Trainee: 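Okay, here's the structure, questions in a sec.
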Number of protein chains: 2
Amino acid sequence: MAGGSASPGRSVTSRALGILDAFDSSAPRLSLSEIAERSGTPLTTAHRLLGELTGWGALVRRPDGRYEIGRKLWDLGLIAPVQLELRQVAAPFLLDLHTTTRDTVHLAVREGVSALYVERVSGRESVPVVSQVGSRLPLHATGVGKVLLAAAPDDVVERVLGALRPVTPHTVTDPAVLARELAEIRRRRYARTSQEMSLGAASLAVPVQVERAGGPLAVAALGIVVPPHRRDLSRLVPALEMAARGIGRELARSREFH
Amino acid sequence: MAGGSASPGRSVTSRALGILDAFDSSAPRLSLSEIAERSGTPLTTAHRLLGELTGWGALVRRPDGRYEIGRKLWDLGLIAPVQLELRQVAAPFLLDLHTTTRDTVHLAVREGVSALYVERVSGRESVPVVSQVGSRLPLHATGVGKVLLAAAPDDVVERVLGALRPVTPHTVTDPAVLARELAEIRRRRYARTSQEMSLGAASLAVPVQVERAGGPLAVAALGIVVPPHRRDLSRLVPALEMAARGIGRELARSREFH
DNA sequence: TGCTCCTCTCCCGTCCAGCGGAAAGCTGGG
DNA sequence: CCCAGCTTTCCGCTGGACGGGAGAGGAGCA
């Protein structure tokens with residue numbers, strides 16, 4: 001009878017941490033049984049581990065019994081140097097763009113075959129919140145993603161072209177169409193998405209480049225989302241390009257010292 | 001010979017998590033031995049736990065061998081609902097203030113006897129970075145802190161007055177002086193710090209209030225930091241008050257639905 | 001160059017704390 | 001009222017955590 005036969009192999013610690021993997025931006029509040037199921041942990045074990053995680057402050061218990069991420073992880077997350085240099089350098093430029101245009105501006109980097117949004121200044125007009133800081137989207141699904149893809153190594157491009165899952169009803173799913181778009185982006189130095197018009201916004205994105213010995217190196221993409229009733233997208237290109245060049249210049253300078 | 005005699009009592013999990021406690025905004029990169037010392041963990045044990053934490057992604061190893069907070073914790077931290085509602089409601093107001101004044105604007109809440117900065121928009125002129133989002137400062141040491149203190153329950157005020165440690169050379173350390181300042185803040189509805197002039201900036205802070213049955217309830221403080229060469233602080237009061245009222249109103253409205 | 005000091009890594013015997021099935025609380029809906 | 005689903009407590013078994021020791025790898029100094 002009674003339990004016993006300890007864990008199936010993984011270490012205690014990674015088992016506890018695995019619990020945290022159940023949490024996600026699309027599932028920020030979870031009940032005990034949901035967590036147990038999502039993390040593949042026996043209910044009782046999950047219960048105990050949750051107790052410890054809560055005790056430490058990694059999680060907090062809501063009045064309704066569900067768990068959510070606690071202060072401690074917020075504190076620690078804030079000091080994570082994820083693209084720290086880029087974010088610090090870029091922040092003033094994003095704010096400047098926001099001040100002059102009043103629109104939503106965001107900055108993303110490539111992480112594998114995803115675009116990772118690392119900074120964002122929200123505009124007043126409510127646009128869909130898909131580019132939340134920390135969120136990841138497939139490279140082929142957004143303007144900044146395509147810009148990053150246009151500058152990515154060939155093997156990455158091929159991997160993306162090989163698996164074009166639709167994200168919105170308007171996502172390109174034809175590899176030939178996307179390849180043509182990428183060529184166009186490389187030629188014009190900016191991407192312009194009309195696909196997302198249906199979401200109530202149009203967007204524009206440009207590459208951020210750092211000058212290096214051996215040619216420029218794209219490290220990020222700068223995007224702006226404009227409400228649909230303003231169609232003066234093209235007039236924004238110079239401002240965006242200037243900001244992108246400014247970020248690249250400052251980044252190169254700050255790296256010289258290091 | 002050989003080790004053995006397992007842990008002194010605490011659970012495995014909390015021991016591993018305790019390792020993370022060694023990290024701090026003032027010490028974001030640590031070596032193995034620093035971590036072992038800071039967390040009071042035997043060197044060998046710390047080494048193993050660090051391996052597990054790194055394997056999961058809570059920490060990453062830098063080329064020089066030091067550890068720092070990794071992507072995973074960043075991701076999780078971003079979905080922590082720490083003052084989520086307040087931050088979402090306040091963000092547009094902070095941006096508006098920044099757009100019109102170009103100065104650094106920040107928002108803080110009270111957490112015990114500390115002011116916790118939860119949102120910030122940095123101005124172009126570089127002011128000291130003490131109000132980084134996530135950082136905590138004693139209530140008596142800053143403008144927003146004093147505003148929060150002025151609205152805090154009596155027991156909190158007494159606790160603070162009882163232990164006035166100096167933070168900068170200009171921090172008030174005399175309880176009587178601070179008590180008079182607090183009375184002044186309650187009367188005028190805003191705080192104005194001249195103490196921090198030496199740091200190269202002057203600041204202004206107002207309470208953010210939510211209307212409730214049973215009188216207004218201060219929940220946060222809104223502050224602005226102005227470079228010293230602009231002395232038109234008083235002209236900012238109306239704009240700040242309007243923003244603070246706006247935040248309070250929106251917050252009350254969004255809570256009605258809930 | 002040889003020495004010392006410091007930090008990191010691997011090894012391994014002991015022993016205890018994690019494990020999780022079972023069953024008892026606790027809600028809330030029908 | 002009864003039942004279904006979720007949460008919490010209980011507890012004996014066992015396998016993995018523990019950490020001292022030794023040695024490798026470097027940095028600094030004479």
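All of these numbers come straight from a predicted model, not from anything done at the bench. Letters A, B, ... are given to chains in the order of the sequence lines, protein chains preceding strands, and every chain is numbered from 1.
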Trainee: Closer than 3.5 angstrom, by distance alone: can the side chain of B:His140 be matched with the main-chain N or O of B:Ala163 as a donor-acceptor pair?
Mentor: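 No; judged by distance alone, with no hydrogens or angles, the pair does not exist.
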Trainee: Measure from the side-chain N and O atoms of B:Arg110 to the backbone N and O of B:Gly112, and report whether any donor-acceptor pair falls under 3.5 Å.
Mentor: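 Yes; judged by distance alone, with no hydrogens or angles, the pair exists.
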Trainee: Measure the distance from CG on A:Leu32 to P on C:dT27 and round it to the nearest whole Å.
Mentor: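 My rounded result for the distance is 15 Å.
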Trainee: Please state how far atom CD in B:Glu34 lies from atom C1' in C:dC6, giving the value in whole angstrom units.
Mentor: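 Checked: the CD to C1' distance equals 13 Å.
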Trainee: Starting at atom CZ of A:Arg29, determine the distance to atom P of D:dC6, rounded to an integer number of angstrom.
Mentor: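 After rounding, the gap between these two atoms is 19 Å.
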Trainee: For B:Ile35 and D:dG19, give me the distance from atom CD1 to atom C1', rounded to whole Å.
Mentor: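 To the nearest whole Å, that distance equals 17 Å.
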Trainee: What nucleotide, of D:dC6, D:dC18, D:dC10, holds the atom closest to the side chain of B:Arg15?
Mentor: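 Between D:dC6, D:dC18, D:dC10, the one nearest the side chain of B:Arg15 would be D:dC18.
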Trainee: Measure the distance from CZ on A:Arg61 to P on D:dC6 and round it to the nearest whole Å.
Mentor: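 Distance check: A:Arg61 CZ to D:dC6 P gives 14 Å.
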Trainee: Compute whether any side-chain donor of one residue and acceptor of the other, for B:Ser25 and B:Gln132, lie under 3.5 angstrom apart.
Mentor: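 Per modelled atom types, B:Ser25 and B:Gln132 side chains form no pair under 3.5 Å.
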Trainee: I'd like to know if B:Asp21 pairs up with B:Arg38 as an ion pair, taking the criterion as any Lys NZ or Arg NE/NH1/NH2 lying under 4.0 Å from an Asp or Glu carboxylate oxygen.
Mentor: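 B:Arg38 and B:Asp21: not salt-bridged.
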Trainee: Measuring only between side-chain heavy atoms, which start at C-beta, is B:Val144 closer than 4.5 Å to B:Leu222?
Mentor: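 Contact flag for B:Val144/B:Leu222 side chains = no.
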Trainee: Go nucleotide by nucleotide along DNA chain D from the 5' end; which of A:Thr13 and A:Leu43 gets its closest nucleotide reached first?
Mentor: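 Nearest-nucleotide comparison on DNA chain D picks A:Leu43.
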Trainee: State which of D:dG19, D:dT8, C:dC8 makes the closest approach to the side chain of B:Ser31.
Mentor: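 Looking only at side-chain atoms, B:Ser31 lies closest to C:dC8.
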Trainee: Check whether any side-chain nitrogen or oxygen of B:His47 sits under 4.0 Å from OP1 or OP2 of C:dC8, and answer yes or no.
Mentor: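 No, no such contact exists.
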Trainee: In this structure, how many angstroms lie between the C1' atom of D:dG25 and the CG atom of B:Asp64, rounded?
Mentor: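 Interatomic distance, CG of B:Asp64 to C1' of D:dG25: 16 Å.
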Trainee: Rounding to a whole Å, what distance do you find between A:Arg48:CZ and C:dG21:C1'?
Mentor: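 Roughly 13 Å, once rounded to whole Å.
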Trainee: Below the 4.0 Å mark, does C:dC8 have OP1 or OP2 next to a side-chain nitrogen or oxygen of B:Ser33?
Mentor: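 For B:Ser33, the contact criterion (side-chain N or O under 4.0 Å from OP1 or OP2 of C:dC8) is met.
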Trainee: Without decimals, in angstroms, what is the distance between A:Arg66 CZ and C:dT27 C1'?
Mentor: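 Atom-to-atom, A:Arg66 to C:dT27, this comes out as 15 Å.
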Trainee: When you get a sec, tell me which of D:dG21, D:dT7, C:dC19 is the closest nucleotide to the side chain of B:Thr44?
Mentor: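 Of D:dG21, D:dT7, C:dC19, D:dG21 is nearest to the side chain of B:Thr44.
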